[in-house]
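Here's the structure we're looking at; comments come further down.
Counting starts at 1 for both ligands and their atoms, in listed order.
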Amino acid sequence: MPEARKPLVVITRKLPDAVETRMCELFEARLNVDDHPFDRDELAAAMAGADVLVPTVTDRIDAALIECAGERLRLIANFGVGVDHIDVEAANAKGITVTNTPDVLTEDTADMTMALILAVMRRLVEGADIIRREGNRWPGWSPTWMLGHRLGGKRLGIIGMGRIGQALARRARAFGMQVHYHNRRRVHPDIEAELNATYWESLDQMLSRMDVISVNCPHTPATYHLLSARRLKLLQPHAIIVNTARGEIIDEDALARMLAEGRLAGVGLDVFEHEPAVNPRLLECRNAVLLPHMGSATHEARREMGEKVIVNIRAFLDGHTPPDRVLPEML
Ligand code: 8YV
């Protein structure tokens with residue numbers, strides 16, 4: 001009997017070697033060996049011919065593109081937890097299932113968020129830059145030079161108390177910070193108790209009382225510019241903001257303006273509103289620590305994300321509901 005045709009799985013970016021090797025064993029895997037970001041035509045061509053598409057955050061899969069999907073395309077198995085770059089409703093309407101990779105990047109993203117809080121409050125990048133620039137010409141220690149702020153006792157307001165928000169809260173507690181949060185729904189009392197977290201129904205009120213704000217909610221139509229120019233003005237001038245979620249959640253122009261005018265003490269951003277473009281005004285701000293979307297960039301997370309993608313594809317092809325299916329009502 002002839003062997004059944006293996007499903008064609010198109011992977012839009014270079015994935016860790018072990019993941020690609022396994023995908024090649026299991027599927028007719030079409031890899032992106034030079035890791036170039038797909039343009040719209042390449043994406044449309046991939047969607048026209050594939051059984052399964054494995055995109056990443058750099059692929060914008062909107063309703064118009066989903067219209068171009070071929071008859072064979074039944075699954076979009078996203079490599080990443082955020083699916084704001086995919087029109088899930090349009091995909092589902094065309095009979096295409098969408099999956100993502102939750103859990104495996106939670107701890108690493110929370111680590112990076114904590115690192116950004118430390119970097120901004122203790123001026124890590126500024127200090128490291130001085131040594132790199134001045135080298136042995138650095139004049140040495142001084143009691144009033146390069147002072148930052150203590151984390152202990154500061155109020156941290158987490159916007160979005162999901163997996164990553166909770167993992168951040170655990171870390172912040174270990175640093176002696178007070179944990180506050182705003183979320184669509186109040187979390188279970190046991191979790192609140194474990195994290196000693198204070199719930200704010202009103203985001204406006206929480207913003208006006210915090211020392212540090214961390215954005216940890218998904219980007220959806222409801223959270224676009226959640227931190228609008230009006231809301232940013234509610235922050236105290238000594239406050240800092242960190243964002244490891246999505247740039248679109250903050251009005252980046254308003255943020256850059258407030259930083260430049262000294263109405264905000266600092267920001268730590270791992271994501272940008274018009275990624276990969278970085279707002280030039282942010283580049284001019286001494287008190288902005290800017291990272292190139294590195295939140296989940298560990299060997300471990302990227303391997304486990306790949307594992308999740310494979311498990312989702314296998315379950316789906318075997319006729320089961322994939323474990324990480326995303327439905328529009330979840331967003
Ligand atoms: C990923 C992320 O690296 O998973 C996400 O949503 O933001 C990142 O940590 C990226 O999205 C991979 O597609």
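Residues R137 and E134 are not paired through a salt bridge, judged by the lack of any N-O separation under 4.0 Å between the basic side chain and the carboxylate. The pair E275-R246 does not count as a salt bridge, with every side-chain nitrogen at least 4.0 angstrom from each carboxylate oxygen. Salt bridge annotation for D108-R302: absent, with no cationic side-chain nitrogen under 4.0 angstrom from a carboxylate oxygen. A salt bridge links R186 to E192: one of the charged nitrogens lies within less than 4.0 Å of a carboxylate oxygen.
Not a single N or O atom of T109, backbone or side chain, sits closer than 3.5 Å to an N or O atom of ligand 1. The shortest N/O to N/O separation between A245 and ligand 1 does not fall below 3.5 Å.
Looking only at protein heavy atoms, the nearest one to atom 1 (C) of ligand 1 is S296 OG, 3.5 Å. If you check which protein heavy atom lies closest to atom 4 (O) of ligand 1, you get V81 N, 2.7 Å. Of the protein's non-hydrogen atoms, the one nearest atom 2 (C) of ligand 1 is H293 NE2, 3.6 Å. Atom 12 (C) of ligand 1 has its closest protein heavy atom at F79 O, 3.1 Å.
If you check each of D59, V57, T56 against atom 11 (O) of ligand 1, the one with the closest non-hydrogen atom is V57.
Using a 4.0 Å cut-off between heavy atoms, L105 contacts ligand 1 through its side chain alone, with no backbone atom that close. Counting heavy atoms closer than 4.0 Å to ligand 1, residue R302 contributes side-chain atoms (C-beta onward) but none from N, CA, C or O.
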* To do: Please report the C-alpha distance between R281 and E284 in whole Å, then the side-chain angles of each, then the deciding distance to 0.1 Å, and finally whether the salt bridge (Lys or Arg N to Asp or Glu O under 4.0 Å) criterion is met.
  => CA-CA 5 Å; R281 298 174 73 177; E284 287 162 16; over 6 Å; no

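Using the six-membered ring where Trp is involved, Y199 and Y181 have ring planes that are tilted, between 30° and 60° apart.
For the 3.5 Å distance criterion, the side chains of T113 and T244 qualify, holding a donor opposite an acceptor.
With D204 as the fixed residue, the salt bridge (charged side-chain N to carboxylate O under 4.0 Å, His left out) test singles out one of K233, R231, R209: R231.
Contact atoms of ligand 1 toward G82: 4 (O), 5 (C), 6 (O) (distance under 4.0 Å to a heavy atom of the residue). Short contacts between ligand 1 and R246, defined as distances under 4.0 Å to a heavy atom of the residue, involve ligand atoms 2 (C), 5 (C), 6 (O), 7 (O), 11 (O).
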